[in-house]
Enquirer: 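Quick one: the structure is below, questions incoming.
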Amino acid sequence: PARALLHEAQTQAHKASRLFDQGISALEQKALKQAETALARSLDVSPHAGRTAERLKHVRSLLDQAESLAEQTREHLARKRWDDAIASAQATLQLWAAHPSAATLRADAAQGAAREAVRQGHKLLKQHACRRAEAEFRRALTYCPEDEAPREGLAEAASIRARTAKEKE
């Protein structure tokens, strides 16, 4: 019986150690939910493992921080504070690489910023401020490089400048 108990204890210790290592590996990869799961399972196997409890507490703190940053991102989006939303979403992803909504929130903020820059560019074109309009269209491309609207705006600005130059001749 003593050997069987010793063997069981060694098996449980090995399992707890393996789960702890999985948790730490997931944490290093910023896979916070996987880290939380592995560390919690490690604690279930070996409830007196102090370092596991400390790491689990740390992971849960990071999860809370990431959720807080994601909520901050949503608030920035609601107020159309695009750059702040992008920064908050990026900070969320730095804490938790696979956050369920941060990448989408970041993309939404970038699209909002690009739309706003395109609108501003068109407004400036109507005022014949072609160079400033071009700067806005280029700024839109920094947010959404694949978007056609800023390219069309740049072409329109170039056309207006060419027409204006011909009229001055």
Side-chain angles (χ1 to χ4, degrees), residues 1-121 135-151 153-154:
R3 283 187 184 192
L5 287 175
L6 177 61
H7 178 69
E8 177 63 25
Q10 289 173 333
T11 301
Q12 292 293 73
H14 177 70
K15 183 176 180 182
S17 178
R18 186 175 44 80
L19 286 166
F20 178 82
D21 291 344
Q22 287 174 359
I24 296 305
S25 177
L27 178 58
E28 289 169 351
Q29 295 171 22
K30 300 186 186 320
L32 297 182
K33 277 297 187 185
Q34 291 92 335
E36 180 185 37
T37 299
L39 291 171
R41 287 180 59 212
S42 177
L43 266 181
D44 288 344
V45 172
S46 178
H48 302 292
R51 67 182 184 154
T52 304
E54 289 172 18
R55 294 296 177 141
L56 182 57
K57 183 178 177 181
H58 176 69
V59 167
R60 288 182 173 154
S61 170
L62 291 174
L63 284 166
D64 289 345
Q65 288 175 33
E67 286 301 335
S68 176
L69 285 166
E71 185 55 37
Q72 209 175 65
T73 302
R74 289 181 193 89
E75 290 171 10
H76 290 314
L77 280 171
R79 291 182 175 89
K80 297 182 180 183
R81 292 171 37 191
W82 311 120
D83 290 333
D84 291 337
I86 291 167
S88 292
Q90 194 60 40
T92 303
L93 290 168
Q94 287 173 348
L95 282 177
W96 182 1
H99 187 276
S101 63
T104 302
L105 293 170
R106 181 179 58 188
D108 290 349
Q111 290 170 351
R115 281 191 307 271
E116 184 178 301
V118 167
R119 275 194 299 274
Q120 184 64 25
E136 287 298 317
F137 294 129
R138 283 191 190 92
R139 188 167 72 88
L141 285 171
T142 65
Y143 291 109
C144 293
E146 69 289 343
D147 194 353
E148 287 300 314
R151 287 175 182 34
L154 285 168

Enquirer: To the nearest 0.5 Å, how far apart are CD in E36 and CG in L27?
Expert: 11.5 Å
Enquirer: Looking only at non-hydrogen atoms, find the nearest pair between R139 and A117 and report the distance.
Expert: NH2-CB, 3.7 Å
Enquirer: Got a second to check how far D44's CG is from Q12's CD, nearest 0.5 Å?
Expert: 10.5 Å
Enquirer: S101 and R74: which non-hydrogen atoms are nearest, and at how many Å?
Expert: OG-NH2, 2.9 Å
Enquirer: Between A109 and I86, which heavy-atom pair has the shortest distance, and what is it?
Expert: CB-CG1, 3.5 Å
Enquirer: Can you find a pair of side-chain heavy atoms, one from S61 and one from Q65, that are under 4.5 Å apart?
Expert: yes
Enquirer: Within a strict 4.5 Å, meaning less than it, do heavy atoms of the W96 and L63 side chains meet?
Expert: yes
Enquirer: Using a 4.5 Å cut-off on heavy atoms from C-beta on, say whether the side chain of L39 contacts that of L19.
Expert: no
Enquirer: For the CG atom of L56 and the CZ atom of R60, what is their distance to the nearest 0.5 Å?
Expert: 4.0 Å
Enquirer: Might you point out which heavy atoms bring A89 and R106 nearest each other, and give the distance in Å?
Expert: CB-CB, 3.6 Å
Enquirer: Working note: V118 + E136, criterion side-chain contact (heavy atoms from CB on, under 4.5 Å); need CA distance, chi angles, decisive distance, verdict.
Expert: CA-CA 6 Å; V118 167; E136 287 298 317; over 6 Å; no
Enquirer: Answer yes or no: is there a donor N or O on one side and an acceptor on the other, between the side chain of R151 and the main chain of F137, under 3.5 Å?
Expert: no
Enquirer: CD of Q29 to CD of Q34: how many Å apart, nearest 0.5 Å?
Expert: 8.5 Å
Enquirer: For the pair R51 and E54, evaluate salt bridge (charged side-chain N to carboxylate O under 4.0 Å, His left out) and give the outcome as yes or no after the intermediate values.
Expert: CA-CA 5 Å; R51 67 182 184 154; E54 289 172 18; over 6 Å; no
Enquirer: Kindly compute the distance separating NZ (K57) from CG (L62), expressed to the nearest 0.5 Å.
Expert: 12.5 Å
Enquirer: So, for S88 and H76, which heavy atoms are closest and what is the spacing to 0.1 Å?
Expert: OG-CD2, 3.3 Å
Enquirer: What's the verdict on side-chain contact (heavy atoms from CB on, under 4.5 Å) for D84 and R79, showing C-alpha distance, side-chain angles and the deciding distance?
Expert: CA-CA 10 Å; D84 291 337; R79 291 182 175 89; over 6 Å; no
Enquirer: Counting only N and O atoms by type, is there a donor-acceptor contact under 3.5 Å from the side chain of T73 to the main-chain atoms of L69?
Expert: yes
Enquirer: Closest heavy-atom contact between L105 and A70?
Expert: CD1-O, 3.9 Å
Enquirer: Using a strict cut-off of less than 4.0 Å between a Lys/Arg side-chain nitrogen and an Asp/Glu carboxylate oxygen, indicate whether R119 and E116 qualify as a salt bridge.
Expert: no
Enquirer: Are S42 and R55 linked by a side-chain donor-acceptor pair shorter than 3.5 Å?
Expert: no
Enquirer: Quick one: are F20 and Q22 in side-chain contact, heavy atoms under 4.5 Å?
Expert: no
Enquirer: Under a 3.5 Å distance rule, please check whether T11 uses its side chain to pair with a backbone N or O of H7 as donor and acceptor.
Expert: yes
